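Everything numeric here is computed off the predicted structure, so don't read it as measured data. Quick note: numbers below take in every heavy atom, side chains included, and nothing from hydrogens, waters or symmetry partners.
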Amino acid sequence: MPFNLFRKKIQENPTIIKYWRKNPKSIEKYQFIYHFLPHPKTKRRASLISNKAIFLYCSLIILIAVAFRIIPKFAPGVLGYASNINIKDLLEYTNKKRGDTGLSDLRLNAKLTAAAQAKAADMFKDGYWSHVAPDGAEPWDFILGQNYDYIYAGENLAKNFSTSKEVVEAWFKSPSHKSNLLGANYDEVGFAVVNGVMNGYETTLVVQMFGRPRQPSMVASVYEEKNVLEGQKSETLVAPVQGSQTSAAEEPAKVAIAPASPKVDVTIATKSISLAFGGFVGSLLAVDLFYSKKKGINKLTGQTFAHLFILLVVIAGIWFVLKPGIVL
Amino acid sequence: MMENIKEHIIEYMVLFVAMTGFICLLMIFRYNKLALLGVSGIGSVFYILWGIIHHAIRKRLTRTIAYEYILFGILVFLLLFTVLSF
């Protein structure tokens, strides 16, 4: 009940206060504070952390998750993953990992880079995320398509990452990708960092292709490597859109290496939603714990401390541990 | 609160050790989303069982309390799932 209304009622009938004191239930529905605090009489938690409220929060989270799956189907590219990945950093971090284990640096090869770009463009064009294309094309087909004659070759894929360091770290943490990253049989590497829309989400695909040329004399020189890196910088930045890309064979050099910036960053949005719900419920549980102790309210409920503890663990996990990105 | 924890120190130690293990598993599998979803599911189920067993031992288990732990278990799983599934 608004304060003015209380005052008006008291002015109209001064004895009403006595009535309210004797019959607190008559104004209980106006006791807004018990949405946030445990009730000393009913010995229940605040209504905002009652079982019904928790059920409502769960339903809301499910609805939001469903909406995030549906929106990209109707408005492709609105949701996505912001990223700032570039080939120079990928090469640097890859060679740092190799250097740490005593392996020689990989040279950036123009043909392997073109093959990686062709693979990335093909994945956006046909909307797949796999080492083997729906038409059966394998990574080796893209490498041979650039006339790179190899004796050893390999491929690492990554998507939805934010930075170059995260990409290389993720490959390093995965045993199969690590074996490529630290492969002693490889002399050269090629990268593609391509922004586009896949399954309705704007994202950045990273393709890493490894190789050892059949002729050792064919290994890229420092000058060639520098040329590839310079070429990447000077390329026209074109963000490919699903179904409208030119094929890599026609125009393999046009690669989007600008930072991807969708209207809504899914990573930030989902983290914020989880942290908001978790933080809200956690705060009310903390208030419940403090207020119940202060007022000596012995509630007939589950352990508030245990609920708060597990929520804090989950919030810490979401905040510090969970990162976006998938490797393949 | 502290009295309650001291009284049931073993149960709370089990919860503490399990949650520490949970965080460790999240860090170990931080780049494997499928494994992380599995770890989240196991963590949630563990918490529900912990709560139910904790109250059953004290003979204070009611249907409402059981629902409460189930709902909190689902809530923590959904908080993790929302981040992991995108």
Side-chain angles (χ1 to χ4, degrees), chain A residues 44-45 50-55 57-58 60-62 64-65 68-69 79 81 160 166 169-174 177 201 266-267 269-271 273-275 277-278 281 289-290 292-293 300-307 309-318 320-327, chain B residues 1-5 8 11-12 14-16 18-36 39-40 43-44 46-48 50-52 54-55 58 60-86:
Chain A
R44 283 183 183 167
R45 284 215 182 87
S50 63
N51 281 3
K52 277 182 190 171
I54 300 297
F55 179 77
Y57 303 148
C58 291
L60 274 173
I61 293 170
I62 292 170
I64 292 167
F68 272 33
R69 288 277 172 221
L79 297 179
Y81 301 86
N160 305 347
E166 283 176 7
E169 277 300 326
W171 280 331
F172 193 71
K173 297 278 179 186
S174 159
H177 298 93
Y201 295 95
V266 180
T267 307
T270 52
K271 263 196 174 186
I273 289 162
S274 284
L275 291 173
F277 275 104
V281 175
L289 209 59
F290 172 76
S292 298
K293 191 170 186 278
L300 305 168
T301 58
Q303 293 292 349
T304 308
F305 178 74
H307 293 335
F309 178 57
I310 194 169
L311 263 178
L312 288 176
V313 166
V314 167
I315 288 170
I318 291 170
F320 296 109
V321 184
L322 302 186
K323 303 275 180 199
I326 308 168
V327 292
Chain B
M1 183 183 77
M2 289 314 288
E3 294 79 32
N4 179 43
I5 293 172
H8 304 96
E11 289 156 55
Y12 276 101
V14 169
L15 182 66
F16 181 76
M19 288 304 115
T20 308
F22 176 72
I23 282 282
C24 289
L25 286 173
L26 286 186
M27 289 178 87
I28 290 166
F29 295 110
R30 67 193 300 176
Y31 294 111
N32 185 343
K33 298 239 167 166
L34 207 63
L36 285 176
V39 170
S40 308
S44 304
F46 170 83
Y47 182 66
I48 293 168
W50 180 89
I52 289 172
H54 172 79
H55 284 270
R58 301 165 80 189
R60 275 189 60 185
L61 183 65
T62 63
R63 195 172 287 183
T64 313
I65 288 176
Y67 285 150
E68 186 181 318
Y69 280 95
I70 292 167
L71 284 167
F72 267 91
I74 293 170
L75 178 70
V76 294
F77 176 74
L78 285 173
L79 294 179
L80 290 163
F81 176 79
T82 309
V83 177
L84 288 172
S85 63
F86 290 96

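- Contacts between I65(B) and chain A at a heavy-atom distance below 4.5 Å involve the side chain alone, from C-beta outward.
- Contact record, A170(A) with Y31(B): CB-CD2, 3.4 Å, taken as the closest heavy-atom pair.
- Among all heavy-atom pairs drawn from C58(A) and I74(B), the shortest one is SG-CG2, 3.9 Å.
- Proximity to chain A is absent for every atom of L61(B), based on heavy atoms less than 4.5 angstrom apart.
- Here the shortest heavy-atom pairing between T301(A) and R60(B) reads O-NH2, 3.7 Å.
- Summarising the geometry of Y69(B) relative to Q303(A), their closest heavy-atom pair is OH-N, 2.8 Å, with the distance given to 0.1 Å.
- Contacts between V266(A) and chain B at a heavy-atom distance below 4.5 Å involve the side chain alone, from C-beta outward.
- Counting non-hydrogen atoms of other residues, nucleotides and ligands closer than 6.0 Å to CZ of F55(A) gives a total of 12 or fewer.
- Between chain B and the options V327(A), V314(A), T267(A), the largest number of non-hydrogen pairs under 4.5 Å is found for V314(A).
- When the shell of 6.0 Å around CZ of F68(A) is examined, it contains more than 12 heavy atoms from other residues, nucleotides or ligands.
- S40(B) does not touch chain A: none of its heavy atoms, backbone or side chain, sits under 4.5 Å away.
- Atoms CD1 and CG, from I54(A) and L78(B) in turn, are 11.5 Å apart once rounded to the nearest 0.5 Å.
- Pairing each heavy atom of S274(A) with each of L79(B), the nearest pair is OG-O, 2.6 Å.
- A donor-acceptor contact shorter than 3.5 Å is absent between the side chain of Y12(B) and the backbone of A306(A).
- Only the side chain of R45(A) comes within less than 4.5 Å of a heavy atom of chain B; its backbone N, CA, C and O stay farther away.
- H307(A) and F72(B) have parallel rings, their planes meeting at less than 30° on a 0 to 90° scale where 60° marks the start of perpendicular.
- Listed options A269(A), A316(A), G325(A), S50(A) were ranked by heavy-atom pairs under 4.5 angstrom with chain B; first place goes to G325(A).
- Rounding to the nearest 0.5 angstrom, the gap separating the OG1 atom in T270(A) from the CG atom in L80(B) is 11.5 Å.
- In this pair, F16(B) and F309(A) present their aromatic rings parallel. The plane angle is below 30°, not in the 30 to 60° band.
- Only the side chain of Y201(A) comes within contact range of chain B, with heavy atoms under 4.5 Å apart.
- Under the 3.5 Å distance criterion, the side-chain polar atoms of N51(A) are matched with a main-chain donor or acceptor of T64(B).
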Can L275(A) and V83(B) be said to form a side chain to side chain contact (heavy atoms under 4.5 Å, CB included), step by step?
CA-CA 10 Å; L275(A) 291 173; V83(B) 177; over 6 Å; no
List the steps, then state whether side chain to side chain contact (heavy atoms under 4.5 Å, CB included) holds for K173(A) with F29(B).
CA-CA 9 Å; K173(A) 297 278 179 186; F29(B) 295 110; over 6 Å; no
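- For E169(A), the parts sitting under 4.5 Å from any heavy atom of chain B are the backbone and the side chain alike.
- Of the atoms belonging to S174(A), not a single heavy atom falls under 4.5 Å from chain B.
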